[in-house]
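Here the structure is laid out as structure tokens; the discussion comes afterwards.
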Amino acid sequence: MYLYLSSTLCWNYPIPDVLQIAEAFHLDGVEVWIDQIHFHQSTLEEIIEAKKYTNQSLTIHASSWDLNPCALNPEVQRSSLKEIEYAMEVGDRLDARNITIHPGKMTIEHVDRKHYIKVLRQNLLRLAEKANQYNVHLSVELMEEKQKELITTPNDMNDLLEGLPDRIRVTFDVAHVPLDVEPNNYYEKLNRINKIHLSDTSKEAYHIALGDGESKLDRIITELKDSHLPIVLEGFDQSPSFPLLKKHLQYVEQKAVLGREALENFSYK
């Protein structure tokens, strides 16, 4: 299992520091959120320099909170595509070739879903051309079943990507699987997976500590033990002592996925 941490688990820290934290925890890599680069005003040169002194592989999560690549407003679409292209540029500079993007959502539900899907496919085609230029893969995230979300099931995703270039792949987010469904069911049905997001879910919240929620995790953890894909521990934590990350690691350690040194030998200043 190749374990990465989402940089948002260490939101209080700029990305160069997050790379050092991941190294101290003996993890394999970091998923760098573009929004965190903006928030801390880090330069790519600072991140490149930090990468030289760690053994961390990098993936990217494009900006998504303020964006919608299939919005009704064409200016919102254009801004969203511009930000995704910027994430590709960053990925190229940092040699982080796996870039997660969100698929967008319905602006209003009164407009037929087919309209949004058509726009999304057209924009994914444009983005695939850019991905080819930057030599990266875009990984569309499977979203949670929530109002206005478009792509929430394996069938939704497989239909969306049918016929699109191979530069477009899939991020499977375990926490987005409905609580009454085994995550393995989705994992086995999805095509083109090239990254896993891993955290727990309850009826009240997504992306909580592994073992603290109600997701059916045992089978998927067993399945992922031998995976060669990046498996990104996810969540948002503003604490300077990263308790959410530590809970994640304690859980995977208990499942015999990690050696004990990941926590026992941890130190970071």
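Note that these values count all heavy atoms, side chains included, but never hydrogens, waters or copies made by symmetry.
- Not counting sequence neighbours, the partners of Phe172 by the ring pair (Phe, Tyr, Trp, His ring centres under 6.0 Å) test are Tyr187.
- Residues passing the side-chain contact (heavy atoms from CB on, under 4.5 Å) test with Pro243, sequence neighbours excluded: Asp237, Ser239, Ser241.
- Without hydrogens or angle criteria, Glu31 side chain to His61 main chain gives no donor-acceptor distance under 3.5 Å.
- Comment: Glu141 does not engage Lys195 in a salt bridge, judged by the lack of any side-chain N to carboxylate O separation of less than 4.0 angstrom.
- Between Asp218 and Lys216 there is no salt bridge, since no side-chain nitrogen of the basic residue lies less than 4.0 Å from a carboxylate oxygen of the acidic one.
- Listed by chain and number, the hydrophobic cluster partners of Tyr4 are Tyr2, Val232, where partners are ILVMFWY side chains within reach of under 4.5 Å, directly or through others.
- Applying the salt bridge (Lys or Arg N to Asp or Glu O under 4.0 Å) test to every pair with at least one member in residues 32-44, sequence neighbours left out, gives no pairs at all.
- Among residues at least two apart or in separate chains, salt bridge (Lys or Arg N to Asp or Glu O under 4.0 Å) pairs with a member in residues 39-58 are Glu45-Arg93, Glu49-Lys52.
- Taking the six-membered ring for Trp, His207 and His176 have ring centres closer than 6.0 Å.
- Between Phe39 and Trp11, the distance separating the two ring centers is shorter than 6.0 angstrom.
- We find that Glu129 and Arg126 are not joined by a salt bridge, their nearest charged nitrogen and carboxylate oxygen being 4.0 Å or further apart.
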Query raised in the report: Under the salt bridge (charged side-chain N to carboxylate O under 4.0 Å, His left out) criterion, do Glu75 and Arg78 qualify, and how do the steps go?
Result: CA-CA 5 Å; Glu75 287 301 321; Arg78 278 191 280 273; 2.5 Å; yes
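- Side chain of Asn184 to main chain of Ile220: a donor-acceptor pair is present (N/O by atom type, distance under 3.5 Å, no hydrogens or angles).
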Report task. May I have the step-by-step check of side-chain contact (heavy atoms from CB on, under 4.5 Å) for Val252 and Leu210, ending in yes or no? Result -> CA-CA 8 Å; Val252 292; Leu210 291 167; 4.0 Å; yes
Would you tabulate the side-chain donor-acceptor contacts of residues 105-112 under 3.5 Å, counting partners in other chains and residues two or more places apart, or write 'none'?
from: Thr107; atom 1: OG1; to: Leu72; atom 2: N; distance (Å): 3.0
from: Glu109; atom 1: OE1; to: Gln147; atom 2: NE2; distance (Å): 2.7
from: Asp112; atom 1: OD1; to: Lys114; atom 2: N; distance (Å): 2.8

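- Between Trp33 and His102, the two ring planes are perpendicular [angle over 60°; tilted spans 30° to 60°].
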